[in-house]
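So the structure is just underneath, and the comments pick up after that.
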Amino acid sequence: MDVVLNYADSYFFTPYVYPDTWKENDPWRQIASLLVVANVGGYLLYFIVASLNYFLIFDKRLLKHSQILENQIQKEILCTVISVPFMSIPTVAMFFLEVRGYSKLYDNVGDTRMGYVGVFISMFTFIAFTDMCIYWIHRFLHHKHVYKHLHKLHHKWKVPTPFASHAFHPLDGFLQSLPYHIYPFLFPLHKVTYLGLFVFVNIWTVSIHDGNYRVPESLKSLVNGSAHHMDHHLYYNYNYGQFFTLWDRIGGSFRYPSSFEGCGPIDQILAKERESALKNGHTNGVKNGDMKKKE
C-alpha cells in the first residue's frame, strides 16, 4: 500500500493538503492518509466494478424473482456505503503495518532469488492460501452463534445483484478480507503484484454475485462461480469457497449448482412466466368459448 500512498503524497496530500511541517513519514499522517485512500479507493472500486457488471453482465431477469426485495439495489448500495468506513478502520491498521515495513512485501523483482518466476508462483500461492482461509472463515460465520450477529445481513440478499458484493456487516467484511492482508506478512510478495491481486479479488467478489452462470464446461466442477455462490445465498450451508470448489468438497459442503441442472433462479422465473401465460391463455380460451356460446 505504500506504493499508492507515495503517489497520493506526491500528487495530492503534500502539495495540496498537509502543511510542510507534517512530514510524509509521520505515522499519524500516514494513518490519516491511508484512511482517505482506503475509503475513496474502496468506494471507487465498488461503484465502478459493480456498475459495469450490472449494466453489461448481470442477468436482469433475476430482478423478477420472488425473493428479490423491494428496492433491493438501493438497499445493497446503502448497506455498502455505511459499512465501508467501518471496514476501513481495521484494514488501515494492516496497511499501516505494511507501510511501516513489517510485512514481506518487496519493491524490486531483481533483488529476489527467483525473480519473475517467484512473482508468478506467488500469484498462485496467494489465491490458494486465501481460498483455503476464506472457506473456513466463511464457514465459521455460518455457525449458529455467530451467523445472526454478523453474516445474516449479507444473506438478506437471497438473490443478490452485483451491488450486494460488498454489502456486509463491517466486521464480517473485514474477516473475509483478512487472508488477503495476512498473506504478505507470511510470504514474500511484490508490491505491485499485491495491488493487482487486491483489485482482482474485489472484481471476483463482484463477479460471483452477478447472476451470470456461464462457465466453460471443463471448469464447472472446479471454479466457484456465480452459479455456485447463488446457491450459497439460497440454501445457506453450501459452497462457502471463494475461488474454487476444492475446500467445499473436502469439507462436505459442495453443492452442484441448481442453475446447471435447469432448476436455478432463472429457470424458476421462466417456469412461472410459462405457467402465467398458460393460465392467461386458458382464461382467454374460456372467455372466448363463453362468447361463442352466447352468440
Side-chain angles (χ1 to χ4, degrees), residues 4 37-63 65 67-69 71-88 91 123 126-127 130-131 133-135 137-138 141 151 153-170 172-181 194-216 219 222-234 239-245 257 259 264-266:
V4 176
V37 169
N39 280 275
V40 173
Y43 282 133
L44 285 175
L45 193 58
Y46 168 72
F47 279 109
I48 291 171
V49 177
S51 297
L52 286 173
N53 191 297
Y54 177 78
F55 288 111
L56 300 177
I57 299 173
F58 178 65
D59 193 331
K60 294 174 183 60
R61 290 178 298 176
L62 287 169
L63 297 175
H65 197 277
Q67 295 197 75
I68 283 281
L69 305 178
N71 299 321
Q72 179 170 312
I73 292 174
Q74 292 93 319
K75 291 174 180 176
E76 291 168 342
I77 292 172
L78 180 61
C79 179
T80 304
V81 168
I82 292 172
S83 295
V84 165
F86 294 100
M87 280 192 278
S88 73
T91 301
M123 292 180 187
F126 178 91
I127 295 297
T130 55
D131 190 53
C133 293
I134 290 171
Y135 172 82
I137 290 171
H138 194 176
L141 288 165
H151 198 54
L153 175 59
H154 188 62
H155 277 273
K156 182 178 181 179
W157 334 112
K158 291 184 172 62
V159 177
T161 80
F163 293 102
S165 57
H166 293 71
F168 289 95
H169 182 287
D172 180 2
F174 173 71
L175 285 174
Q176 293 201 60
S177 71
L178 189 57
Y180 305 130
H181 302 298
Y194 179 49
L195 287 175
L197 288 167
F198 196 78
V199 172
F200 165 75
V201 297
N202 278 276
I203 293 172
W204 183 269
T205 301
V206 173
S207 77
I208 60 175
H209 294 86
D210 68 7
N212 184 340
Y213 309 133
R214 289 172 289 186
V215 178
L219 297 178
L222 300 175
V223 175
N224 185 75
S226 179
H228 299 75
H229 197 68
M230 177 65 80
D231 275 13
H232 173 73
H233 275 260
L234 289 171
N239 300 345
Y240 297 107
Q242 180 76 349
F243 302 110
F244 304 110
T245 61
S259 298
I266 294 294

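Note that the coordinates shown come from a computational prediction; the quantities given were computed from them, not determined experimentally.
Looking at Tyr43 and Val81, their side chains come closer than 4.5 Å, going by heavy atoms from C-beta outward. The shortest side-chain heavy-atom distance between Thr205 and Val49 does not fall under the 4.5 Å cut-off. Using a 4.5 Å heavy-atom threshold, the side chains of Gln72 and Lys158 count as separate. Looking at heavy atoms from C-beta onward, Ile127 lies in side-chain contact with Phe244 at the 4.5 angstrom threshold. Using a 4.5 Å heavy-atom cutoff, the side chains of Asn239 and Thr245 are not in contact. Side-chain atoms of Met230 and Val159, non-hydrogen and from C-beta on, do get closer than 4.5 Å to each other.
In this structure Asn212 satisfies the side-chain hydrogen bond (donor to acceptor under 3.5 Å, both in side chains) test together with Arg214, sequence neighbours excluded. Considering only residues two or more places apart in sequence or on other chains, Asp210 meets the side-chain hydrogen bond (donor to acceptor under 3.5 Å, both in side chains) condition with Asn53, Ser226. Residues passing the side-chain hydrogen bond (donor to acceptor under 3.5 Å, both in side chains) test with Thr130: none are found, sequence neighbours excluded. For Asp172, there are no salt bridge (Lys or Arg N to Asp or Glu O under 4.0 Å) partners, not counting sequence neighbours. Residues forming a side-chain hydrogen bond (donor to acceptor under 3.5 Å, both in side chains) with Ser88 (at least two apart in sequence, or on another chain): Asn39.
Among all heavy-atom pairs drawn from Ala164 and Trp157, the shortest one is CB-CD1, 3.8 Å.
A 6.0 Å sphere centred on CZ of Phe243 holds more than 12 heavy atoms belonging to other residues, nucleotides or ligands.
Side chains of His228 and His232: no donor on one and acceptor on the other come within 3.5 Å.
Sequence neighbours left out, the pairs with a member in residues 37-60 that pass salt bridge (Lys or Arg N to Asp or Glu O under 4.0 Å) are Asp59-Arg61.
With ring centers used as reference points, His154 lies under 6.0 Å from His209.
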